[in-house]
Amino acid sequence: MNDFSELERELKKLQPVRPSATLMERIEQALADVNKIPSNLIAPKRFTINWVGLGLGVAAAAAFLILARVDFRPAAKTPSQVASAAPALPQSAAPLPNFVPAGVTRVVYNTRDEGLVFRGGHERPARRVRTAQRETLQWRDPQSGASLRVSYPTEEVTLIPVLGQ
Amino acid sequence: MENVATHEDWKVCFSQLAPGLVLFARQWVRSRADAEDVVQDAFVRFWRRNHRIDNRALLYSAVRSAALDLIRRDQRRSRREIEVFADADRSVQPEFEPGDDSQRELATAVDHLPRDQREVLVMKVWNDLTFAEIAETLGISPNTAASRYRYALAALKKRLQPQ
């Protein structure tokens, strides 16, 4: 019997404050903007991946996957056969881990304002802000509990249009 | 991680999840406006990465991460404030719709819960996450998530008991 069932019902009656009406519009606009990626707001070199870091991460992930497929159990002792008429049964490989995304973190560790820049084809200058961050993606196999994490540094350059008064 | 949801699916999904997501983000930020910014940032990032729409643990994890990023970026806050998430001056704005006296008392009691219990309670009650999903979001075991939930309910019950 759940002693807290009445309290849980009371909690359910509490209604979180509705988000502002503009939030839905902002989300809709942001989703639409993702598709067209406005060049006037974000520089083409938006994410500059440190390939060395990413390469090391991918190498570590590959090594993990290779190790995860290795069966460390001692092989079952089978009587040695000198000759056999029956064809050898194909050995089945260890099943691939069923990884599902388990987490993503993005830590901003440095933001630098690089001042105003003038872009070709634009009348107004823009402020260039460079953000250094580290993204970590994590996967987890719910069945085995094994987890896989890939972490890499990224750099984001954002051009913010400067509006005159 | 293939996303088969359409743009319309995402809008419907977001409109259903938005109140709970904003409430969840309010665990870390002071104002509703900050919470909405966090939710927008996390949701758009989640959508951009083509994650599965039903991977709610990852979505809530992204909201939590975005909230912590916002705190780190806010240079006006001291390190100490970041560590305690400014528990003392939270809830300048109400997190729940105004109700009767008992509901207001309950909302206040929820607000006074320790942060680790409150976040589990918020995910469980107002976002309908399973303990497994909560565990994935917070990086804890499902048993720990369930324990924190029970501790939260016990603390609420104790606080609301007539003296």
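Just so it is clear, the structure is predicted and the values come from calculations on it, not from any experiment. Values reported hereafter were calculated over all heavy atoms of this structure, with side chains retained and with hydrogens, waters and symmetry mates removed. First the proteins, then the strands, lettered A, B, ... as listed; each starts at 1.
Per-residue heavy-atom pair counts under 4.5 Å with chain A were compared for B:Leu23, B:Val110, B:Val22, B:Leu106, and the maximum is reached by B:Leu106.
Under a cut-off of 6.0 angstrom, the local environment of CZ in A:Arg26 is crowded, with over 12 non-hydrogen atoms contributed by other residues, nucleotides or ligands.
Looking at B:Asp100, neither its backbone nor its side chain comes within 4.5 Å of chain A, counting heavy atoms on both sides. For B:Ala154, the parts lying near chain A are the backbone and the side chain together; criterion is any non-hydrogen pair under 4.5 Å. Looking at B:Leu160, the atoms closer than 4.5 Å to chain A (heavy atoms on both sides) all sit in the side chain, from C-beta outward. With a 4.5 Å cut-off on non-hydrogen atoms, B:Ala107 touches chain A through its backbone and its side chain both.
Hydrophobic clustering of Ile, Leu, Val, Met, Phe, Trp and Tyr side chains at less than 4.5 Å, counting indirect connections, unites A:Leu14 with B:Val125.
The aromatic rings of B:Tyr60 and B:Phe24 sit perpendicular to each other, their planes meeting at more than 60°, with 30° as the lower class boundary.
Residues of residues 13-21 of chain B lying within less than 4.5 angstrom of chain A, judged on heavy atoms, are B:Phe14, B:Ser15, B:Ala18, B:Pro19 in numerical order.
With no hydrogens or angles considered, no side-chain donor-acceptor pair links A:Arg134 and A:Thr154 at under 3.5 Å. For the residue pair B:Glu36 / A:Ser20, a side-chain donor-acceptor distance below 3.5 Å is found, with atom types taken as modelled.
Remark: side-chain polar atoms of B:Trp126 are not paired, donor with acceptor, to backbone N or O of B:Leu121 under 3.5 angstrom. Remark: side-chain polar atoms of B:Gln40 are not paired, donor with acceptor, to backbone N or O of B:Asp37 under 3.5 angstrom.
If you take CD on B:Glu136 and CD on A:Gln138, they are separated by 9.5 Å, rounding to the nearest 0.5 Å.
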